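Written out below as structure tokens is the structure these notes cover.
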There are 2 protein chains.
Amino acid sequence: MFFVSLIPIRPELPLGAPSERSDAARNRERLLQAARELVAEHGVDAITMDMLACRADVGKGTVFRRFGSRAGLMMTLLSDAEADFQRQFIFGPPPLGPGAPPLERLIAFGEARIKYVEEYGELARAAAEHSPQNRHDAPPVVLWHRHLEMLLREAGLDRDPWLLALSLGATLDPERMLHSLRIHGVAPERLAESWRELVTRLLKDC
Amino acid sequence: MFFVSLIPIRPELPLGAPSERSDAARNRERLLQAARELVAEHGVDAITMDMLACRADVGKGTVFRRFGSRAGLMMTLLSDAEADFQRQFIFGPPPLGPGAPPLERLIAFGEARIKYVEEYGELARAAAEHSPQNRHDAPPVVLWHRHLEMLLREAGLDRDPWLLALSLGATLDPERMLHSLRIHGVAPERLAESWRELVTRLLKDC
DNA sequence: ATATAAACCGGACCGTAGTCCGTTTAGAAC
DNA sequence: GTTCTAAACGGACTACGGTCCGGTTTATAT
């Protein structure tokens with residue numbers, strides 16, 4: 001099977017790539033492994049960039065050259081899960097993938113997103129922190145947005161589906177859902193049920 | 001006229017208050033004036049707490065004792081506008097205040113919120129930064145949320161209006177709307193139109 | 001006027017994200 | 001193997017939010 005990296009969070013080979021130097025590659029692996037270990041041990045919110053540099057036996061500058069920022073590191077850690085999620089709603093089986101009616105795909109999209117947040121929510125939140133740009137215009141976010149917009153159009157909602165998709169995206173925002181789940185103790189099923197109610201009502205009579 | 005501070009952002013007299021010392025009062029005034037000047041001169045995002053302390057001729061510790069945090073400072077700067085907004089949708093004339101049917105009140109609420117963000121968006125965003133707690137559970141946020149929930153109930157939406165209100169609140173989130181307005185250049189009227197479309201569809205046949 | 005306690009003050013200090021730049025090293029060319 | 005250069009490295013440095021604590025000021029009681 002041939003895996004396409006649909007919209008990579010962090011394009012690793014910017015198209016004219018003079019292939020990575022061996023020490024760089026080695027350090028990247030060390031950093032990623034160290035990062036995963038630290039996340040497993042202390043949780044996303046507790047790890048600092050110095051910690052990571054130390055654990056990977058690497059200078060701080062190296063960490064930042066590799067990932068650009070803390071958010072960039074988190075995006076990199078998320079990229080596999082993210083690519084998988086993208087594959088599912090673009091190429092996967094219905095109702096999440098193509099083939100089902102738009103309403104059902106919308107419902108499935110929300111449900112999948114909720115599961116994603118249950119599993120990777122802390123990472124996703126950290127990947128968007130301290131930067132409205134990352135939060136709203138990161139490539140994966142734009143892709144979800146376009147997907148929602150397309151489904152709305154398919155369902156016959158022609159009045160500014162772009163902005164409406166933004167509203168729906170806001171409902172599925174990781175930080176928001178995580179807050180409901182963790183702080184207010186809302187059950188994931190209840191979130192899903194509310195999402196279903198929301199999109200069902202929206203698409204009625206179109 | 002007697003102004004009630006409905007849900008103060010920052011309760012200034014915690015009910016058993018041994019009344020503020022005169023030097024404290026003087027410093028508070030100096031700080032607020034300096035803060036407003038700095039915001040006017042450099043914009044919300046550019047001002048730092050050191051800058052403020054320096055401009056107000058006050059120690060840094062004093063700034064933080066007064067406001068608790070950068071977000072706290074911003075809340076204080078917002079509190080007048082916020083109290084006014086609250087008064088309008090609770091006591092003001094219809095359709096924003098009581099007296100109009102729920103759908104019209106919802107529409108008016110969104111429109112008022114958009115105007116608010118146009119005017120105070122940067123402050124509002126800064127007041128919520130770096131703290132999901134502030135962003136989602138600050139007293140004013142809880143109040144808007146309850147208001148939305150009440151209107152949804154009045155309109156006959158009985159399936160988990162609490163969560164549905166959360167979704168609507170997400171649509172009106174200052175950071176999100178500000179991003180649409182400033183970065184994507186969406187016209188306020190278009191935001192308002194989209195909001196109207198959203199709530200109208202949601203409340204149809206209830 | 002004086003004593004006393006509580007509230008307040010200031011600025012040194014800390015942790016963390018992010019930058020800078022002199023030094024090292026991989027790898028290509030010869 | 002030697003030389004050369006661009007890329008990568010590392011860690012000192014900066015900026016900023018936030019904390020701490022010894023000294024000072026205010027208000028009150030006597």
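Every value quoted in this text rests on a predicted model; they were computed, and no experiment measured them. Per chain, numbering begins at 1; letters A, B, ... match sequence-line order.
Rounded to whole Å, atom C1' of dT19(C) lies 12 Å from atom CZ of R65(A). Taking atom CG on D50(A) and atom C1' on dG11(D), their separation rounds to 10 Å, with Å as the unit. Rounded to an integer number of Å, the gap from H130(A) NE2 to dA17(C) C1' is 8 Å. Going from atom CD of E129(A) over to atom P of dG18(C) covers 10 Å, rounded to whole Å. Rounded to whole Å, atom C1' of dA6(D) lies 12 Å from atom CG of D23(A). Rounded to a whole Å, the CZ atom of F64(B) is 18 Å from the P atom of dC8(C). E20(A) has its CD atom 10 Å from the P atom of dG27(C), to the nearest Å. Straight-line distance from the CG atom of L52(A) to the P atom of dC9(D): 13 Å, rounded to whole Å.
Close to dG27(C), at under 4.0 Å from its OP1 or OP2, lies a side-chain N or O of S22(A). For the OP1/OP2 pair of dC9(D) and a distance below 4.0 Å, the side-chain nitrogens and oxygens of N27(A) include at least one atom meeting the criterion. Of the side-chain N and O atoms in S69(A), none sit less than 4.0 angstrom from OP1 or OP2 of dA17(C).
Residues L148(B) and G169(B) share a closest heavy-atom pair of CD1-N, 3.9 Å.
Residue-to-nucleotide proximity on DNA chain C shows that, of T48(A) and G61(A), the 5′-proximal contact is made by T48(A).
Side-chain contact, E29(B) with Q33(B): no donor N or O sits under 3.5 Å from an acceptor N or O. Side-chain atoms of E175(A) and H136(B) form a donor-acceptor pair, as typed in the model, at a separation below 3.5 Å.
Donor-acceptor pairing under 3.5 Å, judged by distance alone, is present between the side chain of K60(A) and the base of dA17(C). Not a single donor-acceptor contact under 3.5 angstrom links the side-chain atoms of R21(A) to the base of dA8(D).
Checked against dA27(D), dG18(D), dG10(C), the side chain of R70(B) finds its nearest nucleotide in dG18(D).
Taking the charged nitrogens against the carboxylate oxygens, R135(A) and E129(B) have no contact shorter than 4.0 Å, which rules out a salt bridge. With respect to E193(A) and R196(A), a salt bridge is recorded, a charged nitrogen being found less than 4.0 Å from a carboxylate O. Using a 4.0 Å cut-off between charged nitrogen and carboxylate oxygen, E111(B) and K115(B) do not count as a salt-bridge pair. A salt bridge is defined here as a Lys NZ or Arg NE, NH1 or NH2 lying under 4.0 Å from an Asp or Glu carboxylate O, and R201(A) with E197(A) meets this definition.
Within residues 30-44 of chain A, no residue approaches DNA chain C, by heavy-atom distance under 4.0 Å.
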